[in-house]
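All of these numbers come straight from a predicted model, not from anything done at the bench.
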Amino acid sequence: MQGGSTGIGYGLKYQARCISDVKADTDHTSFLTGTLSLKEENEVHLLRLSDGGTELICEGLFSHPNEIWDLASCPFDQRIFSTVFCSGETYGAAVWQIPELYGQLSSPQLESIASLDGHSCKIRCILWWPTGRHDKLVSIDEHNLFLWSLDTSKKTAQVQSQESAGMRHYLTGGAWDPHDFHTVSLTCDSSVQLWDLRTMKKTDSIDRAHIRNVDYDMKKRYMLVTAEDESGINIWDLRKLNSPVANLPGHSHWTWTVKCNPTYEDLILSAGTDSAVNLWLASSIHDDSASDSLVDSQNRTEPLLNSYNDYEDSVYGLAWSSREPWIFASLSYDGRVVVESIKPHLTR
């Protein structure tokens, strides 16, 4: 199903790859995004959807010293976020705080809370404890997993534990299990590795090549979704990892990222290098009566609910709104943010 140009757009000045829902902002539907310019001074934009849902408003524009390769908003403080950044051949990671007076476009500088030093190779991403106020962070580089203790009041971050995934594996990212806070999934060139943060040991793995991204189903325990170059999107039951329980076609080129809806079961977003965002209903391809919140779900055999094609470049960033779970934001490499509503596909 092809979608029309119904989204609300906002243009960044430079190229970009990452966007994050500001989960801790319970009063507004907000997103954070950062740019990826090699030569110009990079920027972090705080965007809010207007009360009428017709406009994306820039509530804050902040300078950032380097190219932003990963950005994640703190789940318990709307003014705090993390970035992974690059300066030439050097990668770094830090936790930042938006200053109090951010309601003006000529905002003061971001305040540095902590630098996540200790990595000796390319940093991939930062993961926050999935929900609530907690002091734990995870950082992932090409070969290692770090567990940090963060004190925002003292502006310190200390390594609590770290472990190597082995030099034969190049880690590319990961996700924190929202149902089991001791478990994270790490993506690498040939598998998804499941790690226990208490022992800092790998407990299991899914052996698949070219997995780009993973996300956990927020509503169903043991369900993991993977985005893969050649086989589209696979849905896994973590209790039986020999084969996926369901498969979605994905994209006409690489499927780059997947995001499970925080409220509606079996509702999945995907984005790819074919300049498209796809909305999927996974329950249409396996026996599941729980997803009765979607139009025609009982009689639907086609899992693709809608395809959004209002882009001119690869789409790397996706973020559902936690406050309004029928809204999502997407980010294409040319710096274009688009916010869409999926309400036409919901029965209530």
Carefully, step by step, assess F181 and H134 under the rule ring-ring contact (aromatic ring centres under 6.0 Å, His included).
CA-CA 11 Å; F181 297 157; H134 207 281; 7.8 Å; no
Between Y216 and H179, is the ring centroid distance below 6.0 Å?
no
F62-H45 aromatic ring centre distance below 6.0 Å
no
What closest approach, in Å, do [X] and [Y] show between heavy atoms, and which atom pair accounts for it?
{"X": "A271", "Y": "V277", "answer": "CB-CG2, 4.2 Å"}
{"X": "I235", "Y": "M223", "answer": "CG2-CE, 3.7 Å"}
{"X": "W129", "Y": "P75", "answer": "O-CG, 3.3 Å"}
{"X": "T156", "Y": "A114", "answer": "C-CB, 4.0 Å"}
{"X": "C121", "Y": "N144", "answer": "SG-ND2, 3.9 Å"}
{"X": "F31", "Y": "A319", "answer": "CE2-O, 3.7 Å"}

Only one of [options] passes side-chain contact (heavy atoms from CB on, under 4.5 Å) with [X]; say which it is.
{"X": "N42", "options": "Q15, K13, E67", "answer": "E67"}
{"X": "L32", "options": "D25, V44, T83, L47", "answer": "V44"}
{"X": "F146", "options": "Q160, Q162, E163", "answer": "Q162"}

Before accepting this row, confirm whether a basic side-chain N of the pair [X]/[Y] lies closer than 4.0 Å to the acidic partner's carboxylate O.
{"X": "E142", "Y": "R124", "result": "yes"}
{"X": "D310", "Y": "R336", "result": "yes"}
{"X": "D21", "Y": "K23", "result": "no"}
{"X": "R239", "Y": "D237", "result": "yes"}
{"X": "D266", "Y": "K220", "result": "yes"}

Are a donor atom and an acceptor atom from the side chains of T257 and N213 found within less than 3.5 Å of each other?
yes
Is a side-chain donor-acceptor pair under 3.5 Å present for N278 with S307?
yes
Between the main-chain N or O of [Y] and the side-chain N or O of [X], is there a donor-acceptor pair closer than 3.5 Å?
{"X": "S341", "Y": "K343", "answer": "yes"}
{"X": "E302", "Y": "L304", "answer": "yes"}
{"X": "R198", "Y": "H182", "answer": "no"}

Using 30° and 60° as the class limits, which term best fits the ring planes of F85 and H64: parallel, tilted or perpendicular?
perpendicular
Could you tell me the separation between the SG atom of C260 and the CD1 atom of I268, rounded to the nearest 0.5 Å?
5.0 Å
Before giving the answer on side chain to side chain donor-acceptor pair (under 3.5 Å), spell out for S149 and D135 the whole-Å C-alpha distance, their side-chain angles and the decisive distance to 0.1 Å.
CA-CA 5 Å; S149 178; D135 66 340; 3.1 Å; yes
